[in-house]
Amino acid sequence: MPSSLTRRQLLTGVAAAIAPACSQRPKRPNILFVMTDDHVPRTMSCYGDKVLKTPNFDRLAEEGCRFDNAFCTNSLCAPSRATVLTGCYSHINGILGNSEGVDSIEKIDTTLPTYPELLQKAGYRTAMVGKWHLSHDPVGFDYSCILPGQGLYFDPVFIENGQKKSFKGYATDLTTDFALSWLKQNEKHSWCMAYQHKAPHRPFLPATRHASLLKDIEIPHPVTYDDDFATRKLAKEAEDMRFDISLTPDYKDLPKGLSPKQKKDWIFQRFMKDYYAAAYGVDENLGRVLDYLDKSGQAENTVIIYTSDNGFFLGDYGWYDKRFMYEPSLRIPLLIRYPGLLKGGRVESRFALNIDYAPTMLDLAGIQTPQTMQGRSLRPLLEGKPPEDWRTSMYYTYYEDSWRLRGKGKEAMADPTFQFFTPHRVSPHRGVRNQRYKLIDYHREGDYKELFDLEKDPNELRNVYADASYATVRDQLTRELERLRTQYRDHA
Ligand SMILES: [Ca+2]
C-alpha cells in the first residue's frame with residue numbers, strides 16, 4: 001500500500017467518490033459474484049464442450065460476454081480467493097499457498113481494502129455464501145454462511161455469521177438455499193453477494209440425483225493424455241499428478257486384474273463422470289438463482305460474474321490437479337452478464353485476470369478503485385470500447401502449498417537452499433504469457449526454464465527454450481517477465 005494513504009483514507013476517500021458517479025446512473029447494479037472450484041472452461045457447452053449441456057452457464061454466455069482468455073494468477077484455491085477479494089497478486093496480499101486452519105502462517109494483509117468492504121461502505125448490503133477457504137473470518141459482509149475449510153459435499157457444517165451449524169443435504173443445493181433466502185430478504189436494497197461453490201473440487205461427489213448422469217457415455221481422452229514429457233523435465237517428475245500412479249488408492253472399487261493402461265482408463269472415466277456431474281449440480285442451482293432474478297424483476301439491473309478459482313488438468317498429460325502454468329491449469333471460465341450495460345452473445349479475446357474482478361465490481365458500482373488493487377476494470381471491454389493500452393501479456397506466479405511452509409514462512413522463500421516437497425512435486429515458478437508465447441522460469445531449479453510457441457504447439461509439448469531459432473523471442477519474453485515483475489512490485 002502507498003505509505004501516504006491510510007486504510008481509513010482509502011475507504012472514506014473511495015466512499016466520497018461515489019456520489020458523482022451515481023448521479024450519472026439511475027440505479028446502482030446489484031452484483032452476484034459466482035465462483036466455483038477447479039472448474040475448467042472446456043467442460044462447459046458454452047465453451048464448446050460436447051459431452052454435457054450446461055444450459056445455465058450457456059445462458060450467461062448468450063445473454064452476456066464470454067471471455068476466451070481469462071487466466072488465474074496463481075493456480076491454487078486460497079491464493080485465488082485472496083486475489084479476488086483484494087484485486088492484487090499473492091505476493092502483495094500475503095496468501096502464497098493454500099492457507100487453511102488456525103495454525104496457518106499465511107495471513108492476508110488486512111490493511112488492503114477488499115471489494116466487499118468498499119461496497120458495504122458505499123451502502124451495499126453484502127453477503128458471502130458457500131466456500132470461503134481462507135484462514136481469516138469473512139470481513140465486509142453483512143451476512144456470511146460459509147463451509148469450514150474445504151467443507152463436505154453431504155450433510156455439511158456451515159458457519160453462519162460465526163455459528164457452526166450442521167445441515168442435511170447436498171452442499172451445492174444448500175449454498176443456493178442460503179443465497180436465495182438472503183437475496184429475498186434484501187431485494188429492496190442494492191446488494192452484492194459472493195456465491196461460491198465447493199463443487200467441482202476433488203474428490204467429486206455429485207448430488208445423488210446426478211450420480212448416473214453420464215453412465216453410458218465414453219468420455220474422450222484429451223490429446224495429451226499419453227504425453228511422454230520428452231522436453232519438460234519437471235513435468236516428468238510430477239508423478240503424483242498422474243492418474244495411473246497417484247489416484248489408484250482413491251478407487252477402492254477398481255476392478256482387479258486390469259493392465260496399467262486399462263487401470264488408467266478406468267480411473268479417467270470415473271473421474272471425469274463424477275467431475276461433470278458435480279459441476280452440473282452448480283449449473284442446475286445457478287438456474288434457480290437466474291429464475292429468481294427474473295421473477296423478482298432484478299435481472300436487468302444485476303451484474304453476474306461467473307468464474308472459477310483456478311483451472312485443472314482433466315487427463316491432460318495424464319494428470320489431475322493444477323498449480324503449473326500450463327494452459328489447462330491457467331485458464332479459467334469467465335462469463336459476465338449485465339443486461340443494463342451490454343447486449344448478449346459477446347465474445348472477448350483480450351486477456352482478463354482474476355486481479356480484475358474487484359476493480360470491475362467497484363467500477364460498475366460507481367466506486368473508485370483503490371491504488372492498492374493491481375487489476376483493471378473490465379467495464380470498457382464489456383462496453384465494446386477496449387482501451388488501446390489493454391494488456392497484451394500476463395504475469396503468473398506459483399509458490400507452493402503453504403502447509404509445507406508452516407513455521408518457516410516467507411523467510412523460507414528467501415533461502416536458496418530451502419527444499420520444497422509436496423504431494424505433487426511442482427516447483428515454484430513464475431512466467432509470462434502473451435498471445436503467442438509463454439516463458440516459465442522455475443527459479444528454484446537452477447537455470448531450468450521453458451518456452452512454448454502456443455501457435456505451433458498449443459498443447460505445450462515442445463519446450464523450445466534452448467532452440468536457437470527462438471533466441472529473439474526468448475530474450476523478448478525474458479525482458480517482459482522482468483517488466484511485469486517490476487510493474488506488480490514482485491521483488492522476491
Ligand atoms: Ca481450486
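We count ligands from 1, going down the list as the structure has it; atoms in each ligand are counted the same way.
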Any pair counted as salt bridge (Lys or Arg N to Asp or Glu O under 4.0 Å), so long as it reaches residues 166-175, sequence neighbours left out: Asp155-Lys168, Asp173-Arg209
Residue list, salt bridge (Lys or Arg N to Asp or Glu O under 4.0 Å) with Asp490, at least two apart or on another chain: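 Scan of Asp490 (salt bridge (Lys or Arg N to Asp or Glu O under 4.0 Å), adjacent residues dropped) gives none.
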Salt bridge (Lys or Arg N to Asp or Glu O under 4.0 Å) involving Arg125 - partner list, sequence neighbours excluded: none
Stacked cation flag Arg66 on Tyr47, 6.0 angstrom / 45 deg: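 Because its charged atom sits under 6.0 Å from the ring centre and within 45° of the axis, Arg66 does stack over Tyr47.
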Lys198 to Tyr153, cation-pi by 6.0 Å centre distance and 45° axis angle: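 The answer is yes, since Lys198 meets both limits relative to Tyr153.
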Around the Ca ion (ligand 1), number of protein N/O/S atoms which are nearer than 3.0 Å: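 Of the protein's nitrogen, oxygen and sulfur atoms, 6 lie under 3.0 Å from the Ca ion (ligand 1).
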Member of Lys131, Lys322, Arg202, Arg331 meeting the salt bridge (Lys or Arg N to Asp or Glu O under 4.0 Å) criterion with Asp38: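 Among the candidates, only Lys322 passes.
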